[in-house]
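What follows is a set of notes on a single structure, which appears directly below.
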Amino acid sequence: MVSNSDVIAYIAKKDEHEELIPRTKVKEYGNTALQPVFFDDELGKRLFYSWVCRALELGVKRISKSYLLGGCSWTLNEIRLDIYTFNDSINDRFIKNLLEETTRLLSQQLRAEKVEKNDLLQILKEKSEVLIYEVVKDNDSREFMIVKDDGNVSVCLDTCVEQSYDEAVLEYVNQSMVHWRGDEKSFLLTRLHIRAFPSKKAKDSQAELEREYSLRDHVILGRELDLFLTDPSVGAGLILWAPNGAIVRKLMEEFEYKLHLRHGYQPVVTPHLATSELFETSGHLSYYRENMYVFDHDGKTHVVKPMNCPFHILIFKRKKWSYKELPVRYFEFGTVYRYERAGTLHGLTRVRGLTQDDSHIFLRPDQIQEEIGRLLDLLRLMYSSYGINNYSFKLSLRDPNNQSKYIGSAELWEKAEKALEEALINHGIPFKKEYGEAAFYGPKIDIYLKDSLGDRKCCGTIQLDFNLPERFNITYVDQDNKEKRVVIIHRALIGSIERFLGILLEYYAGRLPLWLAPVQVALLPVDEHSEEQRSYTLRMREELINNGIRAEAMMEGRLQARVREARKLRIPLIVVIGEKELRTEEFEAQWIKYGVDEKGRYKPVEEKITVRGIRGLVEWIKEEVGRETHGIIK
RNA sequence: GCCGCCGUAGCUCAGCGGGUAGAGCGCCGGCCUUGUAAGCCGGAGGUCGCGGGUUCGAAACCCGCCGGCGGCUCCA
């Protein structure tokens, strides 16, 4: 692919080896095939940002010898420079000087060099860089790359390639405070958020991308499409669903409900409250209390449910089960409430009241592998109906150094962790292992989706649990007539309607597929004053609605203005009804779908479809909806 | 929860070294034979997030609370 993005470095391929080489040393590799690394590539950003971090750190030291470096990191959009300023506050002049100094350093030919860990620690000690000293000390590497300037040193913990830029653009964004090493009890560092580009051109194309992001912001889209709102008198993180949003939710529920019934699940319905006894048995009150809403009534403590599992377990427990009857799969759109700290809330993607597509599967240990396989298949089917294909898997395991966070024996945990890992491997699914990410009752497979800014958000989750079956003492009768312990799989495929819909809106820039659109068809008479056209439009609307299609007649005002309005509301089908259509009963609908241009920017795809009569339109829509949902919704 | 920023009409925002509110869109009314992304004219609409303080006087300054955004942390 041809890119006009800035070149950061080159990759030289020699035999099997790949080596990163600086632009300035290209000549030394005369005959070797060189592959450029662009700023637009993930690797390019990493190399560039990492180098700018070095220059920033050295820039800080040039301005103030008394500030301590606390490290420099980056996201896809910005660099964060952490410094400890003692009691100083950062003023505008410091920032201006820092950016000038750093820009100057970037234009110089700074050298990177290798040092042994012990030598580096010695240098840092001499320079009194006590924070960086700690970081290096705790790092397992034996060698580090450092950049020196004016007797100061900046340590690179990432891939280090020498660079220089005559036209680099640095921009101050804002500042915030962060705790040293993310520890809330620790002291605060000043974090400067800085954006950096190798050239003005790169900066401009970034600005364009950002316009695109704001276009996809699900909070803004929620307002524009009139889907949901919040109100301080209800409380933060509690969503009010307006009719359009309620329709989308209901569609998601209907779709999943039908899909689950087809896949061997049975519906259950459970209350939102329980006495604390239930959640004491489950262990939630010991391990999850800080997230729970707890209140007293009639001298008894009650809780608003933060999870559905204990309820499903009680339903399962109502009778004795034969080994032949397992697995039993209970399914519920369970609305749960969790106290999430105020600063973490955001739109639909992080809320306090959420509805999970929750299921608990009760099975024999020998059925685990197969069931996880079925779940992974179901997950793929479901996501593809939503048009989502880019998701990744994470295996969340317990923190081996902090066992007190979890219930159950180490033996059970090992068994559970191994079972999940094997299921993923057997299914050929790539995944990442992470320690300390498990639920308190068991390890899990988490499914991550990217939001419009590229941040990963956990949606689906498949959790294996040997612990709650013990706490609730649930068993089945095996072939040998002995009672055996069941295993529970907790799972939510889209996770929660709220978060998933938030991500869906960003993914589609608000242009949901036909089957999910709150209004599917806009009917527009050409002449708002023509009685004939008006009454035909209304009749058409009625007939569509009677066929389960969500149609709206837009009658008032100029046609062009109404077309614009229908487009703004992201209505997928726009049908204009004029004299010609009344005469021929042949309709043309403008079908507008989500699409992207070559740069990944939202660009609707338009198609004209022609149908005979109202019947023809009804059939066309039903067919398309059936196609999108794999025949689940017709 | 912690740190920083922010909160003016339904929406987007202007006004803010103190003298008690403005625009565009939307909404309502009227006019125009109106074929695929904004016709024209008029009108209504605001305890300036809430509570307290300073002041002769606060949307503006100070304090507290609520809510939002960006980080930290946490998570579906």
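Just so it is clear: chains get the letters A, B, ... in the order the sequence lines come, proteins before strands, and each one is counted from 1.
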(message) Please determine whether any donor N or O and acceptor N or O are separated by less than 3.5 Å between the side chain of E528(A) and the base of U34(B).
(response)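 Pair found.
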(message) I'd like to know if R350(A) reaches the base of C74(B) with its side chain, counting only an N/O donor and acceptor under 3.5 Å.
(response)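 Answer yes: a donor N or O sits under 3.5 Å from an acceptor.
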Roughly, in whole Å, what's the span from [atom1] in [X] to [atom2] in [N]?
X: R195(A); N: G71(B); atom1: CZ; atom2: P; answer: 12 Å
X: D527(A); N: G39(B); atom1: CG; atom2: P; answer: 15 Å
X: K568(A); N: A37(B); atom1: NZ; atom2: P; answer: 15 Å

Students often get this wrong, so: under 4.0 angstrom with heavy atoms, is [X] touching a base, only sugar-phosphate, or nothing?
X: K580(A); result: base
X: G334(A); result: nothing
X: R338(A); result: base
X: L345(A); result: sugar-phosphate

(request) Verify the contact: side-chain N or O of R562(A) to OP1 or OP2 of A37(B), cut-off strictly under 4.0 Å; return yes or no. (result)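 Answer no for this pair, as no side-chain N or O of R562(A) is under 4.0 Å from OP1 or OP2.
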(request) Please find out if less than 6.0 Å separates the ring center of Y507(A) from that of Y386(A). (result)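 No: the rings miss the under 6.0 Å criterion.
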(request) Verify the ring-centre separation between F333(A) and F331(A): is it less than 6.0 angstrom? (result)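 Yes, ring centres under 6.0 Å apart.
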(request) Please name the residue in the list R499(A), R350(A), R352(A) that meets the salt bridge (charged side-chain N to carboxylate O under 4.0 Å, His left out) test with E340(A). (result)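 When salt bridge (charged side-chain N to carboxylate O under 4.0 Å, His left out) is applied between E340(A) and each of R499(A), R350(A), R352(A), only R350(A) qualifies.
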(message) Using heavy-atom distances to pick each residue's nearest nucleotide on RNA chain B, tell me which of A342(A) and V526(A) is more 5'.
(response)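 Whichever sits nearer the 5' end wins; that is A342(A).
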